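Naming convention: chains lettered A, B, ... in sequence-line order (proteins, then strands); numbering from 1 in each chain. FYI, side chains are in, hydrogens and waters are out, and symmetry mates aren't considered; it's all heavy atoms of this structure. What you see is a predicted model, and the numbers here were worked out from it, not measured in a lab.
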Number of protein chains: 2
Amino acid sequence: MSTEKKVLDFIASSKTNQTHCSTCSLSSLCLPITLQADDLNALEQVIKRGRPIQKGEVLFKQGDDFNAVFAIRTGALKSFTLAQSGEEQITGFHLASELVGLSGYAEDVHSVSAKALETTTVCELPLDKLEILCDEIPDLRKQVMRNMSGEIRQDQQMMLQLSKKSADERLAYFLLELSHRFERRGFSAKAFRLSMSRVDISNYLGLAVETVSRIFTRLQKNGLITIEGKEITHLNLDALNRLAGNPVADTQCDAL
Amino acid sequence: MSTEKKVLDFIASSKTNQTHCSTCSLSSLCLPITLQADDLNALEQVIKRGRPIQKGEVLFKQGDDFNAVFAIRTGALKSFTLAQSGEEQITGFHLASELVGLSGYAEDVHSVSAKALETTTVCELPLDKLEILCDEIPDLRKQVMRNMSGEIRQDQQMMLQLSKKSADERLAYFLLELSHRFERRGFSAKAFRLSMSRVDISNYLGLAVETVSRIFTRLQKNGLITIEGKEITHLNLDALNRLAGNPVADTQCDAL
DNA sequence: TAGAAACATTGACATAGATCAATATAGCTT
DNA sequence: AAGCTATATTGATCTATGTCAATGTTTCTA
């Protein structure tokens with residue numbers, strides 16, 4: 001621990017030495033990586049702590065020059081693209097410890113906008129500096145590439161959801177994904193707060209708000225979740241997995 | 001040109017010095033990059049030419065160890081994920097000069113399968129060697145990252161299509177995307193062959209085959225395309241752009 | 001070159017989820 | 001704390017697209 005240190009520990013609690021969440025890392029996928037102390041110091045020199053971003057505030061906009069990526073320290077963001085026709089598609093929700101903005105790399109401009117879902121603090125990683133470090137620190141390069149690759153995987157999973165799954169399946173998928181992400185960060189898998197609105201959820205899942213609302217109440221009626229407003233107090237993970245079409249060890253599928 | 005050389009030229013005609021398609025490159029986005037002659041030689045040492053892959057044959061499978069990525073020299077591939085429930089989602093079609101398999105990076109196993117749509121030849125880039133070169137050649141690292149980032153952008157565009165666009169809009173989008181890619185490679189934007197089946201197209205676009213078939217005939221009836229089987233002989237690009245919801249210089253939108 | 005198998009088209013009908021409309025609730029602002 | 005606005009829920013319809021079924025057309029295989 002004197003020569004190595006988890007990157008997330010650093011990101012999440014910059015300048016301190018807390019060691020919670022030891023399975024997490026810089027990666028949005030929470031891949032465990034470690035950096036040598038020297039490398040970590042180099043990275044530390046480069047990170048800029050931003051002021052808090054208020055709910056609804058924009059961190060960067062689609063089309064902005066791509067000159068930094070951001071690691072979320074606290075709070076949550078959504079990112080979204082705008083079609084020429086004006087339609088908005090939410091491409092992802094981002095929680096603490098995740099990296100946002102990498103999709104801008106290909107075109108030198110951000111390909112999405114990012115907006116705070118609640119008061120959020122981020123670390124800014126200026127691109128020029130990050131580039132240099134990626135060439136100097138192979139572990140960092142790998143980690144950034146893993147991040148990108150993970151986002152591809154995630155987006156492709158979403159394509160599958162959007163093109164093949166029913167509304168119920170999509171909502172179950174959404175809840176389970178969130179649940180996993182909270183769990184990996186050391187929080188409860190069964191109780192958490194939805195920082196995004198119903199409209200955001202429905203936009204993300206390619207559904208109408210009304211549909212999402214109806215499904216939430218139905219899921220609640222059938223005992224798959226307990227929810228009040230944005231507060232989820234209990235997820236029946238097995239039942240939701242069955243509903244989402246994922247394999248579950250025990251019993252057969254008769255939820256809903 | 002003695003010290004620099006387009007990478008695609010190399011990939012597409014390995015061991016020769018052809019210089020056609022000067023705007024293309026290794027990237028699936030056809031970003032123009034160049035490598036120093038020395039670097040190019042280093043890359044050349046690493047590339048393995050594979051034997052031709054026959055139509056329907058699998059290049060790699062979801063879950064396979066991730067130990068190489070592939071650059072397509074000739075032909076076309078589709079890549080797809082399988083849900084646990086068995087549903088198949090095509091995540092992309094890949095033409096000559098594109099790079100496939102990068103999404104496996106995050107998990108050390110391929111996250112998709114790749115299958116030939118026609119007889120196809122590929123260059124194999126063994127991962128271990130590619131990794132070393134990425135650390136030695138910053139330009140190559142950047143190019144690989146641009147590739148990944150571009151795939152994210154592309155997948156997110158697809159999410160928008162799947163969740164916000166009508167069947168007609170999706171098909172128009174699909175045709176226009178293909179058209180762009182052919183054009184960038186120096187082929188006609190208005191006439192080309194669809195190497196994938198209607199089933200593949202419908203799977204990719206999240207529609208039923210019947211819907212795709214119906215739309216093709218309707219588009220033809222309305223003069224937006226001329227198509228016979230897999231052979232497209234004329235695309236009305238302006239009208240398709242209007243249909244897809246893209247801005248077009250002239251007249252108003254009353255296609256269809 | 002015939003016959004089989006895969007692929008494509010077309011029509012008739014069914015339905016999941018969108019849309020429209022009304023009401024209820026939560027979160028801000030002063 | 002009252003009032004305003006944004007957000008959420010619920011109900012009643014409507015419709016784009018899926019599903020089922022039948023037929024036509026290519027593309028393989030022997």
In whole angstrom, give the distance that lies between atom [atom1] of [X] and atom [atom2] of [N].
X: Leu194(A); N: dT9(D); atom1: CG; atom2: P; result: 10 Å
X: Gln220(A); N: dT10(D); atom1: CD; atom2: C1'; result: 15 Å
X: Glu228(B); N: dT27(D); atom1: CD; atom2: P; result: 10 Å
X: Asn203(B); N: dG18(D); atom1: CG; atom2: P; result: 12 Å

Exercise. Which letters describe nucleotides 6-18 of chain C, given B = protein heavy atom under 4.0 Å from base, S = only from sugar-phosphate, - = neither?
Worked result: --SBBBB----SS
Problem set entry | CA sep, side-chain torsions, deciding dist, call: Gln220(B), Glu228(B), side-chain hydrogen bond (donor to acceptor under 3.5 Å, both in side chains) | CA-CA 10 Å; Gln220(B) 170 135 253; Glu228(B) 201 189 322; over 6 Å; no
Exercise. What residues, two or more places apart in sequence or in another chain, satisfy ring-ring contact (aromatic ring centres under 6.0 Å, His included) together with Phe80(B)?
Worked result: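 Once residues adjacent in sequence are excluded, Phe80(B) has no partner under the ring-ring contact (aromatic ring centres under 6.0 Å, His included) criterion.
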For this session: For residues 111-120 of chain A, pull every pair meeting salt bridge (Lys or Arg N to Asp or Glu O under 4.0 Å), keeping only residues two or more places apart or in separate chains.
Result: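 Sorted result for residues 111-120 of chain A: empty, none.
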For this session: Specify the angle, to 10°, made by the local axes at the two ends of the helix from dT1(C)-dA30(D) to dT30(C)-dA1(D) when five pairs are taken at each end.
Result: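 One end's axis against the other's: 60°.
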Exercise. Side-chain donor-acceptor pair under 3.5 Å between Gln89(A) and Ser163(B), yes or no?
Worked result: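 Gln89(A) vs Ser163(B): donor-acceptor pair found between side chains.
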Exercise. Is it true that the side chains of Ser113(B) and Gln62(B) contain a donor and an acceptor less than 3.5 Å apart?
Worked result: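 The answer is no; no qualifying pair exists.
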Side chains of residues 204-216 of chain B: which donor-acceptor partners sit under 3.5 Å, not counting sequence neighbours?
none

Exercise. Do Phe70(B) and Phe60(B) have ring centres separated by under 6.0 Å?
Worked result: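 Here the rings of Phe60(B) and Phe70(B) have centres that are less than 6.0 Å from each other.
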For this session: Identify, with sequence neighbours excluded, every residue that meets side chain to side chain donor-acceptor pair (under 3.5 Å) alongside His94(B).
Result: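 So His94(B) forms a side chain to side chain donor-acceptor pair (under 3.5 Å) with Ser79(B).
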